[in-house]
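Reminder, nothing fancy here: chain letters follow the sequence lines and each chain counts from 1.
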Number of protein chains: 2
Amino acid sequence: MSNSRITLKDLARELGLSPSTISRAIAGHPAISEATKNKVQQKAEELGFAPNTIAASFRKKRTYSIGVIVPKIEVHFHSLVISGIEDLAYSKGYNVTIFQSKDSIDREKEIAKILQNRLVEGIIVCISNETKNYSHFKKFVKLGVPIIFYDRVPSDFKANKIIIDDFGSALRATEHLIEQGCQRIAHIAGNQNTTIFKDRFEGYKAALQSHKLSFDPNLVFETKNLTYEEGAEHAKAMIELQEPPDGLFCSNDYTAISAIQVFQKANYKIPEQISVVGFSNYPISRVIEPNLTTINDRAFQMGEAATKLLIRQIEDEDNPIDFETITLKTNLIVRESSKRR
Amino acid sequence: MSNSRITLKDLARELGLSPSTISRAIAGHPAISEATKNKVQQKAEELGFAPNTIAASFRKKRTYSIGVIVPKIEVHFHSLVISGIEDLAYSKGYNVTIFQSKDSIDREKEIAKILQNRLVEGIIVCISNETKNYSHFKKFVKLGVPIIFYDRVPSDFKANKIIIDDFGSALRATEHLIEQGCQRIAHIAGNQNTTIFKDRFEGYKAALQSHKLSFDPNLVFETKNLTYEEGAEHAKAMIELQEPPDGLFCSNDYTAISAIQVFQKANYKIPEQISVVGFSNYPISRVIEPNLTTINDRAFQMGEAATKLLIRQIEDEDNPIDFETITLKTNLIVRESSKRR
DNA sequence: ATTATTTATGCAAACGTTTGCATAAAGTTA
DNA sequence: TAACTTTATGCAAACGTTTGCATAAATAAT
């Protein structure tokens with residue numbers, strides 16, 4: 001690599017001090033005089049000294065590093081979570097390394113391995129769509145590395161978890177459509193192998209049931225990845241039904257937005273003929289016409305809460321006995337896409 | 001940290017071999033017998049051995065790690081670049097750590113410091129909006145750490161750079177509008193302190209000039225961050241003009257999309273009354289009605305090209321004498337938002 | 001001036017893994 | 001069987017920084 005990297009020893013030689021004094025001076029240790037500290041600081045800057053964190057981490061057996069694994073960095077929800085994590089972690093002296101699994105368990109396993117070998121002090125994970133088996137995360141437990149799951153969490157894994165109430169949020173969203181007078185409500189669902197999307201489907205069904213609206217399986221459209229394309233495709237199928245729906249609850253904003261485009265192109269009035277509710281409050285939900293009603297799922301706060309818990313776990317050296325699942329409150333943001341009354 | 005982490009020495013003790021043999025066996029060294037390799041592999045798995053990459057990196061003075069600094073991970077362009085980087089880097093045995101500056105030079109400096117101290121082997125950077133001074137990157141040069149800039153690149157910094165032809169792309173986009181019969185073309189520009197957005201503005205102007213259309217400063221709207229909100233605000237101002245434009249070229253797809261929403265809400269027909277062209281081919285450009293004409297800026301290929309160059313620089317131990325600036329070709333994707341003829 | 005206390009620094013070992021060189025053991029050839 | 005060659009492993013040192021303990025030097029108290 002570099003033959004010109006300045007070490008503590010170089011500084012020590014230049015100043016006629018020992019490396020241990022240099023180390024303590026740079027760390028601001030009380031046992032070193034202010035005069036020496038200033039002298040060291042100056043020479044360090046003069047020579048362009050960059051401390052070798054690898055060597056220090058090796059000696060201290062600490063990296064002050066948190067690993068974050070998200071399914072896709074591009075998704076607004078996850079990028080907000082990351083922001084929440086970063087802001088709190090940096091303020092507590094930890095740095096954050098971000099990885100994306102791209103919803104592939106193979107990638108997730110690879111990332112887990114990298115993080116284990118790099119001695120991160122804890123990890124925050126939203127598991128991939130494909131993840132059914134958690135042995136790659138169990139290794140962190142074995143190594144004494146704290147792990148926090150958020151959003152998509154494994155049910156049979158003892159760890160702290162931060163979630164939102166997917167069931168209750170979907171219930172609220174669907175009830176809102178019912179309150180607006182919708183009688184035939186369709187649902188664009190996420191992959192039913194993923195718990196959070198299953199819960200949203202259950203909440204949708206529960207709302208229908210509790211308001212004595214009949215459940216019609218022909219009004220439910222499952223997607224693989226909740227993409228724009230899938231939303232458009234299902235919206236087309238919906239309006240071809242003998243009796244099209246007058247309301248639509250979508251498991252994310254992407255599918256809601258593309259459904260709206262399809263409906264409008266087919267000359268359906270939104271919300272007069274079909275009311276639409278999305279999920280996750282993506283920035284674009286405030287832009288498209290009509291502005292989209294959606295569930296605000298508190299991504300930033302989720303990141304903060306996960307980080308707070310993780311840092312507590314890192315600095316509390318005992319193995320935790322109890323784990324908690326924190327459920328954050330969501331709220332429905334009502335905009336024009338669903339407002340009939 | 002963990003008192004239960006298995007080391008090479010533990011394996012050595014268990015197998016009655018030396019740590020150096022264990023190390024060589026795990027690394028698949030030819031001097032170690034297959035029998036010994038298998039025995040070591042088995043015991044390593046049995047005991048849940050995770051190698052200490054920190055210790056190895058320290059000894060080897062190599063991290064096999066590439067640092068990536070982007071302005072915002074959420075922006076589709078950058079997340080595509082990251083994908084291009086990740087795919088190639090992983091296949092070459094490097095891992096990638098991602099950081100976002102959030103368009104803050106202070107954050108960027110902090111990240112640079114972290115990366116320097118962590119002995120990354122190279123970095124790929126898209127500089128923040130605020131970056132005018134490059135001393136924090138010059139330190140990488142001094143330390144012999146290769147640096148590649150992409151997209152937003154400093155003009156007075158000797159390094160390899162990967163860019164697109166912003167001028168030529170904007171020229172092409174504006175010409176397309178002219179070919180479609182537009183006579184009064186507006187432009188939503190990015191922050192003019194950022195070279196790429198300045199170049200796009202220049203390309204817009206050059207197209208007008210070469211087709212003998214007069215340049216009207218009232219048809220140019222500068223934004224700070226090219227957000228949806230800014231796009232909407234400027235679109236409103238545009239249609240309040242005494243003589244509204246009949247064409248619009250936007251420096252990104254977000255502002256193009258929000259302008260379209262505003263125009264449609266005000267009952268303007270797209271593209272009949274106002275034709276719109278965006279930039280960057282965000283996924284949503286294929287979704288909104290009408291589908292958006294846009295410049296495809298080859299983000300994934302940009303990531304790949306940067307990584308290829310970087311790895312070459314890392315593995316070629318001589319200090320490079322010549323630097324190149326690679327310019328990737330963009331193409332115009334014509335969709336309904338601009339198609340009059 | 002002497003003794004006691006405080007301040008400031010240095011020595012040496014540790015951290016887990018890797019690698020050059022040495023050498024013991026095993027296999028092959030004369 | 002002896003000599004030569006090849007295979008397989010071990011020893012020891014290195015990597016840059018940190019930290020417990022020791023001690024020299026400076027300062028304060030008697």
Is B:Ser23 near enough to C:dT18 that one of its side-chain N or O atoms lies under 4.0 angstrom from OP1 or OP2?
-> yes
Could you state the atom-to-atom distance from CG of B:Leu11 to C1' of C:dT17 in whole Å?
-> 12 Å
Side chain proximity check, B:Ile69 to B:Leu115, heavy atoms < 4.5 angstrom | yes
Give the rounded distance in Å between these two atoms: CD of B:Glu34 and P of D:dT7.
-> 13 Å
So does A:Lys9 get a side-chain nitrogen or oxygen closer than 4.0 Å to the phosphate oxygens (OP1/OP2) of D:dC15?
-> no
Calculate the interatomic distance between A:His29 atom NE2 and C:dG10 atom C1'; express it in whole Å.
-> 14 Å
B:Ile32 has an atom CD1; how far is it from atom P of C:dG20, in whole Å?
-> 14 Å
Under 4.0 Å between any heavy atoms, over every strand shown, what does B:Pro19 touch: base, sugar-phosphate, or nothing? Just pick one.
-> base
Would you classify B:Ser57 as touching base, sugar-phosphate or nothing, given that sugar-phosphate means primed atoms plus P, OP1 and OP2, and contacts are heavy atoms under 4.0 Å?
-> nothing
Taking CZ from A:Phe58 and P from D:dG16, how many angstroms apart are they, rounded to a whole number?
-> 12 Å
NA contact type, B:Ala56, heavy-atom cut-off 4.0 Å: base, sugar-phosphate, or nothing?
-> sugar-phosphate
Is B:Lys138 positioned over the aromatic face of B:Phe157, cation under 6.0 angstrom from the ring centre and no more than 45 degrees off axis?
-> yes
May I ask you to verify if any side-chain N or O of B:Lys60 is less than 4.0 angstrom from the OP1 or OP2 atom of D:dA14?
-> no
Decide yes or no, distance alone: a donor-acceptor N/O pair under 3.5 angstrom between the base of C:dG20 and the side-chain of B:Arg24.
-> yes
So what does A:Ile54 hit on the nucleic acid, given a heavy-atom distance under 4.0 Å: a base, only sugar-phosphate, or nothing?
-> nothing
Return the value, rounded to whole Å, for the distance between atom CZ of B:Arg62 and atom C1' of C:dT19.
-> 16 Å
Just wondering, do A:Phe99 and A:Glu108 contact through their side chains at under 4.5 Å, heavy atoms?
-> no
Check every strand shown and say whether B:Ser33 touches a base, only sugar-phosphate, or nothing at a heavy-atom separation below 4.0 Å.
-> sugar-phosphate
Any side-chain heavy-atom pair of B:Tyr90 and B:Asn95 under 4.5 Å = yes
Close side-chain approach of B:Leu309 to B:Ile162, heavy-atom, < 4.5 Å = yes
Identify whether any heavy atom of A:Ser20 sits under 4.0 Å from a base atom; if not, whether one sits that close to sugar-phosphate; answer base, sugar-phosphate or nothing.
-> base
Nucleotide nearest B:Ser18 (side chain, heavy atoms from C-beta), chosen from D:dG16, C:dC11, D:dC11 | D:dC11
Rounded to the nearest Å, what distance is computed from the CD1 atom of residue A:Ile22 to the C1' atom of nucleotide C:dG10?
-> 12 Å
Among D:dG10, D:dT17, C:dG16, which is the nearest nucleotide to the side chain of B:Thr21?
-> D:dG10
When rounded to the nearest 0.5 Å, the distance separating CD1 of B:Ile26 from CD of B:Gln41 is 6.5 Å
Rounded to whole angstroms, how far apart are OH on A:Tyr64 and P on D:dT18?
-> 10 Å
Among C:dT9, D:dT17, C:dT17, which is the nearest nucleotide to the side chain of A:Leu17?
-> C:dT9
